[in-house]
Amino acid sequence: MLRTHTCGQLRKSDVGTEVTLCGWVESKRDHGGAVFIDLRDRYGLTQVVVGPPEAGSELIDEAGRVASESVILIRGKVTDRLEGKVNEKLATGEIEVRSSHFEILNSCETPPFTPSQSDLPGEDLRLKYRFLDLRRGEMQRAMFLRSKIVKSMRDYFEKHDFIDVETPILGRSTPEGARDYLVPSRVHPTSFYALPQSPQLYKQILMVAGFDRYVQVAKCFRDEDLRADRQPEFTQLDVEMSFVDADDVMGLIDGLVAESAKAVLGKEISTPLPRMTYSEAMRRFGSDAPDLRFGMEIVDITSIAKKTEFRVFRGTADSGGFVRGIAVKDAASKYSRRQIDELTEYVKGDFGAKGLAWFRVEDDGTLWSPISKNFDPEHLAEIKTLLAGEPGDLLMFLADTWEVTCKGLAGLRKRLAGELGLIDKDALHCSWVTEFPMFDRDEESGRWVAMHHPFTAPLTSDLPLLEEDPQDCRAQAYDLVINGSEAGGGTIRIHDPATQSKVFDLLGIDEETAEDRFGFLLNALKYGAPPHGGIALGIDRWVMLFAGLENIREVIAFPKTQKATDLMTEAPGQVDKEQLAELQLRTVKAKKD
RNA sequence: GGCGCGGUAGCUCAAUUGGUUAGAGCCCCGGACUGUCGAUCCGGAGGUUGCGGGUUCGAGUCCCGUCCGCGUCGCCA
């Protein structure tokens, strides 16, 4: 080692020791006759003094010229700081190192930004110079937190007898689900590998192979548009178990959540985690990943709407639609007409709502609204009672299809809670949403599509519905929700061929197609497949949520931009003609519509 | 693909209704200084206002197009 100590290590007890430190020049205060340097590494900051009598004038001059963020090595004696010069902000603030040797290991060009500057530069610059950005304390903490979380997960599964098995990155494309990233095969021109969207099929086959309990920290890839909490390349903690039911899997993960939160954050989370069915979640919160850190539950007033003269409400209710709303506590004075108009535009633009109806609860307890003249006072009173409205509250309603009221109100709920500061940033609220529907209607084709994936087992009690009423058939599926974010999801899989073929039938996957796409899995299932199920946890999101951050890029060392590029490496990039020729590929320009 | 926000000095930002030579702080460069820790003091350099076009006597500012970054809807089994 070039160094004897790190920059975060030295204390008063080390005074008198001769040490060698290496690190980056975080800042420099040049007094002419003496130079103070804050030397930084991942462990901390130590003040180095280059001055007489230990340092000669040549050394002092050299130290005075050193550029910020240069890497230096210094040797010297640890000393007490002068009387009254202790820096209480620093762990090493009681001491300093008086340099007798000063060496620039690598000088730094003037950087576009420095890790210590208070005004964070724009994100594009941070991404282009990620090596500088990653020097920042915040990024360092996020990366260490990530490492600790993954370790806590690995420890937990090791303790519970899981085996870590690696599965291929080069697999085969299965057009179900997300768009695949494709990799052309040189050996088999015109054929392509696909990067895994998840190791789903492999882990099921590992169950058939008798491994019983499998875990993997798995890189997954989905060629879909990005979001604040979504990257095209992400990491899952992938788990599969044999001879289990949904309760077993959730119970295991309950333990993981509690142990991980304890080990990493020192937080106590009581288990079992609360559970809620999908239908309850949609009814009360309009979302399958409800944020339970605050209330503002959705209330259905369709039955009252039917009695009113207000055409929008009544018409919607009479034609099978829903009128649902939320009570926003103490919001009347905080939202101007202009701001409510903005909320209206929001629900219209983002969720296709036709409008936003609202009422203010007046001091005398009556409801006032631009539309209140369309309502009998009696009906207004009923509405107020149902929503438990109190003076100063705003009551907001959407009259629309079930789906639009869900999405719109869930969006409003989240936005308003954020704007009104109702969210406790320190809370880590974890819960389960269970009994997801098996199927969803594809808007365009009108066909049934699997809500999770086509190997998901229905609830035993719902088996008859597979034929009678697929709409109402529920799955043995469960999502882990942390602070209103989907942090993981899993299912019990179908292990019986009869059920599997019924599901394929429903999804319009004929025998030939099934054979072509997942033949290897179906084949394996014929050779002694145990009942099995599992879950995949989104590690990036876990870290983001544990860190209290709102963007996944802040916990990924080298993330991609919204257009899926890497600003540092400039990937994706052009390739040589020779490379394309070897793959027998040729690029063509897409026709513009 | 749709909608919205943003792009001005190396960085973070400002610039009145379209009006003089586009400013400030930090960084950087030069000088002074032995106790600073956001060092201080003196001096200095630094601009294709993302790019292209248009309107105008005059555009950082208005219009059109385009690129880039961010958010979001669609999408994400």
Side-chain angles (χ1 to χ4, degrees), chain A residues 26-38 45-53 55 57 60 64-65 67-69 81-90 92-93 96 98 109-114 116-129 132 174-180 197-198 200-201 220-232 234 342 345-353 407-408 411 414-415 436 438-440 442-444 448-456 475 477 486 489 491 507 509 517-518 538 550-551 553 561-563 565 567 593:
Chain A
E26 168 133 331
S27 75
K28 179 184 72 185
R29 296 170 293 279
D30 183 357
H31 289 245
V35 180
F36 299 87
I37 290 171
D38 289 338
L45 214 62
T46 298
Q47 172 161 283
V48 175
V49 187
V50 188
S57 60
I60 296 172
R65 283 194 305 270
S68 128
E69 290 306 310
R81 293 223 180 165
L82 296 183
E83 192 74 22
K85 299 295 183 187
V86 168
N87 185 343
E88 284 170 8
K89 289 183 225 160
L90 282 184
T92 61
E96 61 196 9
R98 300 202 60 96
E109 283 185 25
T110 302
F113 64 93
T114 60
S116 56
Q117 79 185 45
S118 53
D119 290 318
L120 200 59
E123 195 175 0
D124 42 354
L125 200 70
R126 291 175 54 207
L127 290 173
K128 181 169 179 188
Y129 292 89
L132 294 178
T174 53
E176 295 265 328
R179 200 176 288 115
D180 282 323
Q197 298 180 24
S198 92
Q200 181 62 38
L201 305 183
C220 303
F221 307 85
R222 293 177 189 174
D223 188 5
E224 298 292 345
D225 285 350
L226 289 82
R227 288 285 187 282
D229 63 353
R230 224 161 70 188
Q231 285 269 307
F234 59 102
E342 273 173 31
E345 289 311 308
Y346 167 61
V347 291
K348 280 177 162 177
D350 274 11
F351 307 107
K407 287 186 177 176
K414 203 169 161 183
R415 175 171 169 158
F436 279 71
M438 281 285 287
F439 309 103
D440 211 2
D442 180 50
E443 294 275 323
E444 283 167 35
W448 292 112
V449 291
M451 194 140 171
H452 195 79
H453 59 60
F455 315 108
T456 301
E486 181 191 333
T491 65
L507 295 172
I509 302 174
R517 289 187 192 169
F518 337 99
E550 288 180 356
N551 197 298
R553 293 187 300 276
T561 68
Q562 199 181 51
K563 287 206 162 58
T565 65
L567 294 179
D593 294 328

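Letters A, B, ... are given to chains in the order of the sequence lines, protein chains preceding strands, and every chain is numbered from 1.
- Side-chain atoms of A:Thr92 come within 3.5 Å of backbone atoms of A:Leu45 as a donor-acceptor pair (strictly under, hydrogens ignored).
- When the C1' atom is used for both B:U40 and B:G7, the distance is 36 Å, rounded to whole Å.
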Can you give me the N/O atom pairs linking the protein to nucleotides 31-34 of chain B at distances under 3.5 Å, or say none if there are none?
residue: B:C33; atom: N3; partner: A:Asp30; partner atom: O; Å: 3.2
residue: B:C33; atom: N3; partner: A:Gly32; partner atom: N; Å: 3.4
residue: B:C33; atom: N4; partner: A:Gly32; partner atom: N; Å: 3.4
residue: B:U34; atom: OP2; partner: A:Gly33; partner atom: N; Å: 3.3

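- Between the CD atom of A:Glu69 and the C1' atom of B:C27 there is a distance of 12 Å, given to the nearest Å.
- At the phosphate of B:C73, neither OP1 nor OP2 sits under 4.0 Å from any side-chain N or O atom of A:Lys348.
- B:G31 sits 34 Å from B:U20 when the C1' atoms are compared, rounded to a whole Å.
- Here B:C62 sits opposite B:G54 as a Watson-Crick or G-U wobble pair (both hydrogen-bonding atom distances under 3.5 Å).
- Of all nucleotides listed (B:C68, B:C70, B:G71), B:C70 comes nearest to the side chain of A:Leu127.
- For B:G43, the paired base is B:C29 (Watson-Crick or G-U wobble, both distances below 3.5 Å).
- The main-chain N or O of A:Gln200 is found under 3.5 Å from a side-chain atom of A:Ser198 such that the two form a donor-acceptor pair.
- Taking only side-chain atoms of A:Thr561, from C-beta outward, the nucleotide of B:C27, B:G69, B:G35 with the closest atom is B:G69.
- Nucleotide B:A15 is matched to nothing when pairs are restricted to Watson-Crick or G-U wobble geometry with both distances under 3.5 angstrom.
- Atom name P, nucleotides B:C42 and B:C26: the rounded distance is 11 Å, in whole Å.
- Straight-line distance from the NZ atom of A:Lys128 to the C1' atom of B:G10: 12 Å, rounded to whole Å.
- Rounded to whole Å, the separation between the C1' atoms of B:U56 and B:C63 comes to 12 Å.
- Listed by chain and number, the residues in a side chain to side chain donor-acceptor pair (under 3.5 Å) with A:Gln197 are A:Asp180 (sequence neighbours excluded).
- With a 6.0 Å radius and a threshold of 12 heavy atoms from other residues, nucleotides or ligands, A:Glu550 has its CD atom at or below the threshold.
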Identify the pairs formed between an N or O of the protein and an N or O of nucleotides 1-9 of chain B at a distance under 3.5 Å, and give each distance.
none

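- A salt bridge does not link A:Arg230 to A:Glu224: none of the charged side-chain nitrogens sits closer than 4.0 Å to a carboxylate oxygen.
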Every protein N/O within reach of nucleotides 12-14 of chain B N/O, cut-off under 3.5 Å:
residue: B:U12; atom: OP1; partner: A:Gly122; partner atom: N; Å: 2.5

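- In this structure, the OH atom of A:Tyr346 is 15 Å from the P atom of B:G71, given to the nearest Å.
- To the nearest whole angstrom, the two C1' atoms, one in B:G6 and one in B:G50, are 12 Å apart.
- No hydrogens or angles were tested; on distance alone, nothing pairs the side chain of A:Arg222 with the base of B:C75 as donor and acceptor under 3.5 Å.
- Ring-centre distance between A:Phe234 and A:Phe221: not below the 6.0 Å cut-off.
- Rounded to whole Å, the separation between the P atoms of B:C70 and B:C29 comes to 32 Å.
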Between A:Arg553 and A:Glu123, is a side chain to side chain contact (heavy atoms under 4.5 Å, CB included) present by the stated rule, with each step listed? CA-CA 10 Å; A:Arg553 293 187 300 276; A:Glu123 195 175 0; 2.6 Å; yes
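- Atom pair A:Asn551:CG and B:C70:P shows a separation of 9 Å (rounding to whole Å applied).
- With a 6.0 Å cutoff to the six-membered ring centre and a 45° limit on the axis angle, A:Arg126 does not count as a cation-pi contact of A:Phe113.
- For A:Ser68, the listed nucleotide lying nearest its side chain is B:C28; candidates were B:C28, B:U36, B:C75.
- Toward the 5' end of RNA chain B, the nearer of the two residues A:Ala67 and A:Phe113, judged by each one's closest nucleotide, is A:Phe113.
- A gap of 15 Å separates the P atoms of B:U8 and B:C62, to the nearest Å.
- For the pair A:Lys28 (side chain) and A:Ala67 (backbone), a donor-acceptor distance under 3.5 Å is absent.
- At whole-Å resolution of the value, CZ in A:Arg65 and P in B:C29 are 12 Å apart.
- For A:Arg179 and B:G74, the CZ to P distance is 15 Å, given to the nearest whole Å.
- For A:Lys85 and B:U36, the shortest distance from a side-chain N or O to OP1 or OP2 is below 4.0 Å.
- A donor-acceptor pair under 3.5 Å is absent between the side-chain atoms of A:His31 and the main chain of A:Gly33, judged by distance alone.
- Residue A:Thr114 is classed as having no contact, given no heavy-atom separation below 4.0 Å to the nucleic acid.
- Under the ring pair (Phe, Tyr, Trp, His ring centres under 6.0 Å) criterion, A:Phe439 pairs with no residue at all, not counting sequence neighbours.
- Side-chain N or O atoms of A:Arg81 include none that pairs as donor or acceptor with a backbone N or O of A:Val86 at under 3.5 Å.
- Among the atoms of the strands shown, base atoms are found under 4.0 Å from some heavy atom of A:Gln200.
- In this structure, A:Lys563 and A:Arg81 both approach RNA chain B, and ranking their closest nucleotides by distance from the 5' end singles out A:Arg81.
- No engagement by A:Thr92 is indicated, since no non-hydrogen atom pair under 4.0 Å with the nucleic acid exists.
- With distances taken from any side-chain atom of A:Phe351 to the nucleotides B:G71, B:U36, B:C73, the minimum falls on B:C73.
- Rounded to an integer number of Å, the gap from A:Leu45 CG to B:C37 C1' is 9 Å.
- For the P atoms, the distance from B:U61 to B:U17 is 15 Å, rounded to whole Å.
- For the atom pair A:Leu226 CG and A:Thr561 OG1, the distance stands at 7.0 Å (nearest 0.5 Å).
- By the side chain to side chain donor-acceptor pair (under 3.5 Å) test, A:Arg517 is found to be paired with A:Glu176, residues two or more places apart in sequence or in another chain being considered.
- A donor atom on one side chain and an acceptor atom on the other are found under 3.5 Å apart for A:Gln47 and A:Arg29.
- Residue A:Thr565 places at least one side-chain N or O closer than 4.0 Å to OP1 or OP2 of B:G69.
- Nucleic acid contact for A:Glu96: base, since at least one base atom lies under 4.0 Å from a heavy atom of the residue.
- Residue A:Arg553 has no polar side-chain atom (N or O) positioned under 4.0 Å from OP1 or OP2 of B:G69.
- The distance from atom NZ of A:Lys28 to atom C1' of B:A39 is 13 Å, rounded to the nearest whole Å.
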